[in-house]
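Report on the structure given below.
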Amino acid sequence: MAHGQAELKRLSEDEARSLLEAIRWPNGPVCPFCSSTQFVNLKSRAGLRHCKECRKQYTVTVGTVMERSRVKMWQWVYVFAAMAASKKGISSHQLSRELGVQYKTAYFMCQRARYAMCHGPDLPKLSGTLEMDETYVGGKPRNPGEVREKMPVVVLLERGGRARGLVTCDVTANTLRKHVTTNADMSSRFMTDESPLYKTTGKKFAGGHETVTHSQREYARGDAHSNTAESYFSLLKRGVYGTYHHVSPEHLHLYVAEFDFKWNFRKVTDTERAHEVMRMVEGKRLYYRTPKAIQAGK
Ligand SMILES: [Zn+2]
């Protein structure tokens with residue numbers, strides 16, 4: 001079970017299946033349809049089980065982002081490991097070469113891995129000293145003269161802690177307020193730039209609202225700064241522009257989820273981060289089909 005980062009990319013099909021099973025089912029297989037732990041191993045295919053309660057058949061991929069794909073399990077583990085380890089993101093072209101699969105397949109796997117990295121609802125609120133900032137991402141034209149749409153991305157993050165990025169349709173006081181009320185513990189200290197958009201929301205923080213006036217080059221007055229939010233954005237942009245070259249507006253939220261995930265797990269080893277992705281593959285199948293709904297639900 002103790003695979004290093006490099007070994008995760010060299011697993012046999014059986015080893016990859018065992019690893020995924022051990023991570024998804026630490027206490028033994030659980031039926032994804034009825035949650036029963038009563039099963040029989042079927043001999044027709046490795047990893048195939050028959051549920052004694054609901055009588056359905058399942059493998060470790062049922063109910064996960066890996067479901068109904070012809071991709072091998074070792075290839076999934078490879079992609080999870082490669083994506084978890086890359087600081088700036090990894091391109092589907094590179095993965096396609098490394099895995100010997102078509103670009104289309106590699107792209108599909110990367111998008112599924114990003115879905116796995118999306119967090120679910122009901123997360124613990126962010127607290128302490130919080131920074132919030134907004135920027136515009138995407139839309140680098142591939143050909144001269146081509147116009148591409150940039151999308152607003154808002155980030156709320158804990159200084160020295162977790163981050164929640166959000167792709168939005170607009171940058172209004174209302175949109176920013178919603179992101180704050182969903183994600184912030186209101187006893188926190190709140191740090192933003194001097195934008196009037198944060199004024200009303202800022203007043204609700206028991207820890208106070210401090211602003212930095214970028215226009216006057218007052219970047220850091222004491223510890224009133226939003227430098228953490230700025231590093232978050234520079235990392236995100238380096239990935240979007242440097243590695244992915246182009247991200248369409250409708251897929252940008254997946255890249256933001258990938259960067260949030262890496263930011264939030266930056267203090268663990270690459271192997272632990274890869275295991276975390278494998279832990280998050282469950283229950284994402286529905287999300288994959290309704291990305292718009294998740295966005296709207298935020
Ligand atoms: Zn069952």
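Note that ligands are numbered from 1 as they come in the structure, with each ligand's atoms numbered from 1 the same way.
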Ring centers of Phe259, Tyr255 separated by less than 6.0 Å: no
Does Lys72 NZ have over 12 foreign heavy atoms under 6.0 Å away? no
For Glu276, is there an ion pair with Arg279 - N to carboxylate O distance below 4.0 angstrom? yes
State the count of protein N/O/S atoms located less than 2.8 Å away from the Zn ion (ligand 1). 4
Under 30°, 30 to 60°, or over 60°: which ring-plane class applies to Tyr78 and Trp74, parallel, tilted or perpendicular? perpendicular
Basic-acidic side-chain contact under 4.0 Å: Glu158, Lys125: no
Heavy atoms of other groups near Gln102 CD, more than 12 under 6.0 Å: no
